[in-house]
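One structure is given below, encoded as structure tokens.
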Amino acid sequence: MSTVLPPEDLENNPRVKAVFDDIRATRQTDFINNIWRYLAFDEDLLERTWGEVKAVMATPSDLDPLTKEMLYLAVSIVNNCNYCVHSHTAGAKAKGMTQAQHAEVLKIVALASKTNQLATALQVPTDPEFLLEE
């Protein structure tokens, strides 16, 4: 159950409507998913968060859109965010993630989680070769 409720008549607020319109235009869809509806309880938070998401996820960069979605999915799994796991799995599939790629992402997340925990538990010192020299 959520800790806040989305405002009623969301798009009666011009700031919320502007963000929603930008989401629709950027994503080329009429669908506004729940994260944006719930963030609309605070217009500033909604605007800032969408601006950051748009800048990183929807702006062309050195990483292709599918890779970005798979990275977001991996972090969402590690952070145990049920909502983001579902939304970014769907996003990655929409951008072409195959079943084999999904399985490989999960294998990598599981392996990294295991070896991270082992390195933390053992307090393994970082190899000097991995450190930047000043």
Side-chain angles (χ1 to χ4, degrees):
M1 178 172 277
S2 67
T3 60
V4 300
L5 294 174
E8 293 183 26
D9 302 321
L10 288 166
E11 297 197 49
N12 285 342
N13 180 319
R15 289 175 66 193
V16 171
K17 182 171 180 9
V19 172
F20 284 11
D21 286 346
D22 192 38
I23 292 169
R24 289 182 183 105
T26 300
R27 293 182 170 173
Q28 299 178 345
T29 181
D30 286 332
F31 180 67
I32 301 295
N33 47 315
N34 277 339
I35 188 73
W36 307 115
R37 294 177 183 286
Y38 280 75
L39 284 174
F41 87 99
D42 181 323
E43 298 95 341
D44 291 333
L45 183 60
L46 173 67
E47 288 172 343
R48 281 193 312 271
T49 305
W50 169 245
E52 292 171 13
V53 169
K54 183 178 177 181
V56 173
M57 298 301 288
T59 301
S61 68
D62 292 332
L63 294 177
D64 64 90
L66 175 56
T67 300
K68 290 180 182 186
E69 287 293 341
M70 291 191 300
L71 284 168
Y72 211 120
L73 171 59
V75 173
S76 298
I77 292 166
V78 172
N79 284 331
N80 198 28
C81 180
N82 185 54
Y83 182 87
C84 292
V85 167
H86 283 281
S87 68
H88 290 282
T89 298
K93 286 179 179 180
K95 288 176 176 54
M97 180 177 71
T98 65
Q99 186 171 355
Q101 287 173 316
H102 190 192
E104 189 167 358
V105 167
L106 297 180
K107 288 175 190 173
I108 293 166
V109 168
L111 178 62
S113 294
K114 177 181 181 170
T115 57
N116 287 181
Q117 290 171 346
L118 290 170
T120 298
L122 297 171
Q123 293 295 291
V124 178
T126 303
D127 298 272
E129 293 82 0
F130 299 154
L131 300 173
L132 292 177
E133 293 186 29
E134 293 183 29

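We number each residue from 1, following the sequence as shown.
Of the inter-residue distances, the one linking Thr26 atom OG1 with Asp21 atom CG reads 10.5 Å to the nearest 0.5 angstrom. The line from NZ of Lys68 to OG1 of Thr59 is 6.5 Å long, rounded to the nearest 0.5 Å. One distance of note links CG of Asn33 with CZ of Arg37; it measures 8.5 Å at 0.5 Å rounding. Once rounded to the nearest 0.5 Å, the distance linking CG of Asn80 with CG of Asn82 reads 8.0 Å. Rounding to the nearest 0.5 Å gives a distance of 13.0 Å between CG of Asp9 and NZ of Lys17. One distance of note links NZ of Lys93 with CG of Leu66; it measures 12.5 Å at 0.5 Å rounding.
Hydrophobic clustering of Ile, Leu, Val, Met, Phe, Trp and Tyr side chains at less than 4.5 Å, counting indirect connections, keeps Leu71 apart from Val78. Met97 and Val109 fall within the same hydrophobic cluster, where Ile, Leu, Val, Met, Phe, Trp and Tyr residues are linked whenever their side-chain heavy atoms come under 4.5 Å apart, directly or through other members.
Between Arg24 and Asp30, the shortest heavy-atom distance links the atoms NE-O, 3.5 Å. Contact record, Pro7 with Ala40: CG-O, 3.6 Å, taken as the closest heavy-atom pair. Contact detail for Thr29 and Phe31: the closest heavy-atom pair is OG1-N, 3.2 Å.
For the pair Met70/Ile108, no side-chain contact is recorded, criterion being any heavy-atom separation below 4.5 Å from C-beta on. Side-chain contact check for Lys95 versus Asp64: every heavy-atom pair is 4.5 Å or farther apart.
Other residues sharing a hydrophobic cluster with Val19 under the 4.5 Å side-chain heavy-atom criterion for ILVMFWY residues are Val4, Leu10, Val16, Phe20, Ile23, Ile32, Ile35, Trp36, Tyr38, Leu39, Phe41, Leu45, Leu46, Trp50, Val53, Val56, Met57, Tyr72, Tyr83. With side-chain heavy atoms closer than 4.5 Å counting as contact, directly or through intermediates, Leu5 stands alone and belongs to no larger hydrophobic cluster.
No more than 12 heavy atoms of other residues, nucleotides or ligands shown are found within 6.0 angstrom of CD on Glu104.
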Original post:
Which is it for His88 and Val75 under the side-chain contact (heavy atoms from CB on, under 4.5 Å) test, yes or no, and what are the steps along the way?
Top reply: CA-CA 10 Å; His88 290 282; Val75 173; over 6 Å; no
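A distance-only check finds a donor-acceptor pair linking the side chain of Gln123 to the backbone of Thr120 [under 3.5 Å]. A donor-acceptor contact shorter than 3.5 Å is absent between the side chain of Asn79 and the backbone of Cys81.
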